[in-house]
Amino acid sequence: MNLRHRATLSLAILLLLCEGAIAACPTSGVTLPAGNLSRALISLGRQCQVSVLVQASSAASYALPKQQLNTNDGDIEPILRQLLQDLPFTYELLGPSAVAVVPRKPEPEEQGALSQGHTEEISVTGRMLTGSHLRHPQLDSYAPIDILAQPELEITGAQTVSELLKFLPAVSGNSTSTSVTNGGDGTATVTLRGLPASNTLVLINGRRIVNNGFGGEAADLNTIPLSAVDRIEILKDGASAVYGSDAIAGVVNIILRRDFEGLSVNSYYGEAQRGDQQTGSHHLTWGKNGERGHLMLSLAHYRQDALMSRDREISATADNRSRGGTDNRSSASPSGYIALSDDIVLTANADGSYRPWTQEDRYDYSEYTTALVPSERQSAYLEGNLDLGDNSQLFIELMGIRTSAETTLAPTPVFTRFDNGDLTISADNIYNPFGQEITDVRKRVLELGPRVQNNDTETWRLNLGLTGMLNSWQWELTAAQHYTHASESLSSLIDPLALSLGLKGPDICNSESDCIPINLLGPSGSIDAEQLDYIRAESLVDGITRMTSLTYIANGTLGTSGAGDILAAFGMEIRREAIDFRSNDAMGLSYIGGVTAGSAQGHRIISETFGEISLPLVADRFWLDGALRYSNYSDFGSTANPKVALRFRALPSLMLRASYATGFKAPTLIDMNQSGYQSQEYLFDPCTGRDAITLPGCRGQADGARIQYLTEYGGNPDLQPETSDNRSLGIVWTPAKLKGFSATLDLFEIRQNDVIDTSPQYLIDQNASYALFSDRVQRDEQGEIITILATRLNIGAREVRGADLAMRYEHNSDMLGQLRWSFNASHIQRYLNQAAPGEATEDLVGTFVDAASGGAGSLPKWKANTGIYWKKGPWEGGYTVHFVSALEESFTLDNTRITRKIDSWTTHDLQVAYALPGGLRIAVGIDNLFDREPPFAATAFNDNFDGRTYDLSGRYWYTTLAYSL
């Protein structure tokens, strides 16, 4: 089903629905607990599955008894009218699943009496939306925001934050997750607009969090338990003027549960139809309200088992010639690739004899690799608040989480000509039968067994603060201490120094030097246990990231103009960020089969001040919004970033909005301080082509069998921030005649300069084509690349332009119950990328270039989802369709440049749930209902498809059992 057909089907479903009110309360009515109005509204929102917006400090002033409120058809409006009839509040419907409780406008005869009361105590100004510190009285934002509320989180069946965000239309490019094996580190990130993860800011409860322990490039979503999440707000616009660094592509704000009362226990189990990827999770949440405060505790455990590459057809082999791709099997085979003089290449037979090596001797590493990394995590979240009187409150948020992941990779390959160290096999090596020095042997050392990578992370977050009201102003003072410790081990590697000695003759490798001769020239199994113990190595990486901050924010009514209240906010923040990142190596050389992550130690102090204002120009019709943030970094200087926006309500049902902002992304502490990072990168050398002799940087035709090149990365203390300009123009339509419907269309443009890049592929291309960067691309006498030195530089530029479309509709009726329909699509019109000044600009939209080759990943022109969700009585169901448009990729096949199509991908998810008496709820779901495999990508390094965009599991079944008290 293509996008046009899917949109037509969605609109047809919409037209079948008639008018109706929002929310779906139990037809038997709701029971609200004794306490204040705020507590009653929280309970009402949970039972009716609707977001109720109210100023908590105002609603807390009104005590209510326990009460049973009835409704005939599940409509929330009769309940609200009963609840508020004797209070100075009324309600406004804000759109799908959202209602605001606001002050009732006094009648003229009531004006005098009310003026003698405490009117400031009932001033309700709504809530802060992501992208602003202002409290708006309605869901009017100058930027597009997607909100995934608790009912939508439940119906997806997702068990991790990264799993939930992966299929959002605005998410594309090179995010990480447990679907990324070779090159993954157990973390999960989100990439809005196809920009790197470091360009999307992740917040918890509107506050910054510590980044991952391996250098702090981006926040690790695996350290945020989904069981503790109340809703997720995705701001699809730049927000450096509000939040500072990193908010170039947008902001993901994860709102954790608060004010929960009662007991909730949830267990989940899922399994792929093919009998693997078993996943289980269990969580318990307890909350209690008291007269002066509230306390909540949430505990969770999650475990995901492996999915092996060999167990799916698309990933079972690296030889893709039958699909129109290339043979990506490794030339490092168990029986060896032995290059002798006179261009003779041999391989060993099982009996120790030799024969000519052929392409069919390549090694298929897919037999060993995990396509989905098994992982486990445990978490605890404690939240509490205490009323101090005088409209002030003390709050605490404490979260601890431990995660672990185990990746399996094929046994270590050795490339004696290209790996670190002097790996030449001496002519007098006791295992060398050829009587000549051998420089090029490629061997897969199966005797070591598969490489196993273990990643462990421990994260703690503590936020402690005070919040209160002073007249019409709300203030908050927060102190935060965040800490992440990450470690990684990769076993069954080879020490290049030991191997170098073991390949030499008896004059060097002997008992006096404690050296064991190594046999790289025999068949598989010829390296015995003594040899293995001598060369075996393990890489270890250990990283700690810390963040300490103090933040003060105040917002309220600055004054009143003839057009209405002037809303304002201001604040200041000071924080200290620090990293201590270390790894082992072989005296500065990376272990063979792994990487040397190097080391980086550094810290910085950031001081920031910020302000916002919303100025009404025409009452209830026209607003001017502005924001400004000044940031000073101790290691590179200061920057100021403004934002200005206009909102115009042309009609009661039609609002236009536009904004302009500048943004920045500070270089990370790793960017500025890292040293000693080495890796075997998957790259393409133009000097391996038949036209190599015509290229200025080539000394002849290099070896075309190579796909990996030793690359050394490095930090640069002279880096400056990446800068950006963000523009948006949108329209919001909420027609009164179609109650419960809303539609938004937003155009966006991001221009980014001074992009920090370390692209070794760019260096190779420039070296081969123009003989540039010869100091960075080091070649031997034959023109083979020895090492690539890739130091980070401010050299790149990007421009991304596109549009977002979102539609939602909700309907209640006695016959059908509650129906919700949604459609969300993101279109990238162009994605211009310039690797360096003076270089040609490429439009990458609609293309796939694997991250392992330094590419931006999958950048589909269209990505969309649509779904219809139903609830009636104890029954509930959902049906969701995900769509990714077709892509193109380019690669070299038989010295010819090939461009091929990667097919579009559509999957269907289904869930049905039933609420049993006594608070039990059981749900059964199927992801990928029609068992659609991901589209084949010839240039994908991991498993022949892009695991960052698609899913390999196939049809996946799961069930959830929940109990609430």
Between [X] and [Y], does at least one N-O distance fall below 4.0 Å, as a salt bridge requires?
X: Arg207; Y: Glu476; result: yes
X: Glu612; Y: Lys643; result: no
X: Lys236; Y: Asp146; result: yes

Taking the side chain as every heavy atom from C-beta outward, state whether [X] and [Y] have any atom pair closer than 4.5 Å.
X: Arg830; Y: Glu749; answer: yes
X: Ser561; Y: Pro616; answer: yes
X: Arg604; Y: Arg576; answer: no
X: Leu628; Y: Pro642; answer: yes
X: Ser659; Y: Asp237; answer: yes
X: Ile553; Y: Phe610; answer: yes
X: Asn253; Y: Leu235; answer: no
X: Leu148; Y: Leu168; answer: yes

Could you give the distance from [atom1] ([X]) to [atom2] ([Y]), rounded to the nearest 0.5 Å?
X: Asp757; Y: Leu793; atom1: CG; atom2: CG; result: 8.5 Å
X: Glu608; Y: Tyr633; atom1: CD; atom2: OH; result: 5.5 Å
X: Phe664; Y: Ser240; atom1: CZ; atom2: OG; result: 5.5 Å
X: Ile828; Y: Leu859; atom1: CD1; atom2: CG; result: 5.5 Å

Which word best sums up how the rings of Phe622 and Phe648 line up, parallel for under 30°, tilted for 30 to 60°, or perpendicular for over 60°? perpendicular
Using 30° and 60° as the class limits, which term best fits the ring planes of Tyr243 and His133: parallel, tilted or perpendicular? perpendicular
Any chance you could lay out the side chain to side chain donor-acceptor pair (under 3.5 Å) test for Ser728 and Asn726, step after step, and finish with the verdict? CA-CA 7 Å; Ser728 69; Asn726 294 63; over 6 Å; no
So, [X] side chain and [Y] main chain: donor-acceptor pair closer than 3.5 Å or not?
X: Asp220; Y: Asn222; answer: yes
X: Arg546; Y: Glu577; answer: no
X: Thr545; Y: Asn212; answer: yes
X: Thr560; Y: Gly564; answer: no
X: Arg208; Y: Leu203; answer: no
X: Asn716; Y: Arg792; answer: yes
X: Thr467; Y: Trp475; answer: yes
X: Arg629; Y: Val242; answer: yes

Between Tyr381 and Glu397, is the side-chain contact (heavy atoms from CB on, under 4.5 Å) condition met? List the steps. CA-CA 7 Å; Tyr381 170 55; Glu397 297 167 355; 4.2 Å; yes
Does the pair Ser549 and Glu573 meet the rule for a side chain to side chain donor-acceptor pair (under 3.5 Å), with working shown? CA-CA 7 Å; Ser549 66; Glu573 179 176 359; 4.5 Å; no
Test side chain to side chain donor-acceptor pair (under 3.5 Å) applied to Ser631 and Thr639, step by step: CA-CA 5 Å; Ser631 306; Thr639 177; over 6 Å; no
Which atom names give the shortest non-hydrogen contact between [X] and [Y], and what distance separates them?
X: Leu134; Y: Ile613; answer: CD1-C, 4.0 Å
X: Leu558; Y: Ala568; answer: CB-CB, 3.9 Å
X: Ala856; Y: Asn174; answer: C-ND2, 3.3 Å
X: Thr200; Y: Ala249; answer: OG1-CB, 3.8 Å
X: Lys863; Y: Val171; answer: NZ-O, 2.6 Å
X: Leu669; Y: Gly602; answer: CD1-O, 3.8 Å

Side-chain donor-acceptor pair under 3.5 Å between [X] and [Y], yes or no?
X: Thr484; Y: Thr459; value: yes
X: Thr223; Y: Arg461; value: yes
X: Asn641; Y: Thr662; value: yes
X: His603; Y: Asp635; value: no
X: Ser822; Y: Asn824; value: no

Could you check Lys665, Arg798, Gln752 and say which one makes a side chain to side chain donor-acceptor pair (under 3.5 Å) with Glu722? Gln752
Exactly one candidate in Arg258, Arg257, His294 meets side chain to side chain donor-acceptor pair (under 3.5 Å) with Glu383; the answer is His294
Determine the sole option in [options] for which the side-chain contact (heavy atoms from CB on, under 4.5 Å) test with [X] is passed.
X: Leu201; options: Asp246, Ile248, Val252; result: Asp246
X: Leu165; options: Thr191, Ile254, Leu221; result: Leu221
X: Asn794; options: Val755, Thr723, Asn753, Leu719; result: Leu719

Using a cut-off of 6.0 Å, state whether more than 12 heavy atoms not belonging to [X] lie near its atom [atom1].
X: Gln829; atom1: CD; value: yes
X: Trp473; atom1: CH2; value: yes
X: Lys166; atom1: NZ; value: yes

Are Ile209 and Ile224 close enough, and set up right, to give a side-chain contact (heavy atoms from CB on, under 4.5 Å), and what steps lead you there? CA-CA 10 Å; Ile209 63 175; Ile224 305 171; 4.2 Å; yes
Row check, Phe748 ring normal vs Arg193 NZ/CZ: under 6.0 Å, within 45°: yes
Would Glu799 and Gln834 count as a side-chain contact (heavy atoms from CB on, under 4.5 Å) if you check the C-alpha gap in whole Å, the side-chain angles of each, and the deciding distance to 0.1 Å? CA-CA 9 Å; Glu799 180 180 336; Gln834 186 180 35; over 6 Å; no
Could you go through the side chain to side chain donor-acceptor pair (under 3.5 Å) check for Thr551 and Thr478 one step at a time? CA-CA 5 Å; Thr551 307; Thr478 306; over 6 Å; no
Could you walk me through whether His827 and Leu805 pass side-chain contact (heavy atoms from CB on, under 4.5 Å), step by step? CA-CA 8 Å; His827 171 60; Leu805 172 64; over 6 Å; no
